[in-house]
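Index from 1, following the sequence.
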Amino acid sequence: MAVRWKNSTSCNIKEIDNQHKTLFEISSKLNILEPICTQIDFKDEILEVIDQLKDYCIYHFKYEESLMQKYHYPDYEEHRIAHKAFIKKVLDLENGEVNFSSPESIRHIIDFINGWIMAHILKTDMKYKDFFNNLGIE
């Protein structure tokens, strides 16, 4: 399942929307690698994309969380916990808890990452959309 930017994924906060677009771009690299991974070993390339995704997520999550703290977003702690859980899962992937020679495992990684990003934006991030937009943050 590839993730693509749509108007429905917009939080109406320019900087966050731009960061989400970057997350989509990074995760799309996994979708490009997936079909050819069954024929050639691309473990290093997959791990490189996962590392890039992890680093960007850490940057993005810090940005979101600092905004939440600054404006006293009521669901800050719940949101922070979701971020930490995702980073832990990505670190587990990096630390070799997956068989990268298995096409099913690679598909599972891609589905997990893409699914989490999309679900997090459409469900969790949309919870703060009105909160921040009502404060005039765009």
Check whether [X] and [Y] end up in the same hydrophobic cluster, where Ile, Leu, Val, Met, Phe, Trp and Tyr are linked by side-chain heavy atoms less than 4.5 Å apart.
X: Ile117; Y: Tyr63; answer: no
X: Tyr128; Y: Met118; answer: no
X: Phe112; Y: Leu122; answer: yes
X: Phe131; Y: Phe61; answer: no
X: Ile121; Y: Ile87; answer: yes

Would you check if [X] and [Y] make a side-chain contact, meaning some heavy-atom pair closer than 4.5 Å?
X: Lys127; Y: Tyr73; result: yes
X: Ile46; Y: Ile110; result: no
X: Glu64; Y: Arg80; result: no
X: Ile109; Y: Ile50; result: yes

(request) For the residue pair His120 and His79, categorise the inter-ring angle as parallel (less than 30°), tilted (30 to 60°) or perpendicular (more than 60°). (result) perpendicular
(request) Indicate the ring-plane relationship of Trp5 and Phe24, choosing parallel, tilted or perpendicular according to the 30° and 60° boundaries. (result)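 Correct class here is tilted.
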Is the backbone N or O of [Y] less than 3.5 Å from a side-chain atom of [X], with the two atoms forming a donor-acceptor pair by type?
X: Asp17; Y: Cys11; value: yes
X: Thr9; Y: Lys6; value: yes
X: Thr22; Y: Asn18; value: yes

To the closest 0.5 Å, what do you measure between [atom1] ([X]) and [atom2] ([Y])?
X: Glu25; Y: Gln52; atom1: CD; atom2: CD; answer: 10.0 Å
X: Lys89; Y: Leu93; atom1: NZ; atom2: CG; answer: 5.5 Å
X: Leu53; Y: His60; atom1: CG; atom2: NE2; answer: 10.5 Å
X: Asn134; Y: Lys129; atom1: CG; atom2: NZ; answer: 11.5 Å
X: Leu91; Y: Asn95; atom1: CG; atom2: CG; answer: 6.0 Å
X: Ile113; Y: Ser27; atom1: CD1; atom2: OG; answer: 8.0 Å

Should the pair [X]-[Y] be classified as a salt bridge under the 4.0 Å nitrogen-to-oxygen rule?
X: Asp111; Y: Arg107; answer: yes
X: Glu65; Y: Lys62; answer: no
X: Glu45; Y: Lys29; answer: no

(request) Would you please name every residue forming a ring-ring contact (aromatic ring centres under 6.0 Å, His included) with Tyr56, sequence neighbours left out? (result)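 For Tyr56, the residues satisfying ring-ring contact (aromatic ring centres under 6.0 Å, His included) (neighbours in sequence not counted) are Tyr59.
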(request) Sort out for me which residue in Val90, Leu23, Ile26 forms a side-chain contact (heavy atoms from CB on, under 4.5 Å) with Cys57. (result) Leu23
(message) Can you confirm whether more than 12 heavy atoms, excluding those of Glu48, are under 6.0 Å from its CD atom?
(response) no
(message) Heavy-atom count check: over 12 atoms from other residues, nucleotides or ligands less than 6.0 Å from Lys21 NZ?
(response)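 For Lys21, atom NZ is crowded (more than 12 foreign heavy atoms under 6.0 Å).
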(request) List in chain and number order the residues that pass salt bridge (Lys or Arg N to Asp or Glu O under 4.0 Å) with Asp51, two or more places apart in sequence or in another chain; answer none if no residue qualifies. (result) Lys54
(message) Which heavy atom of Ile137 sits nearest to which heavy atom of Ile13, and what is that distance?
(response)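 Scanning both residues completely, I find the closest heavy atoms to be O-CG1, 3.8 Å.
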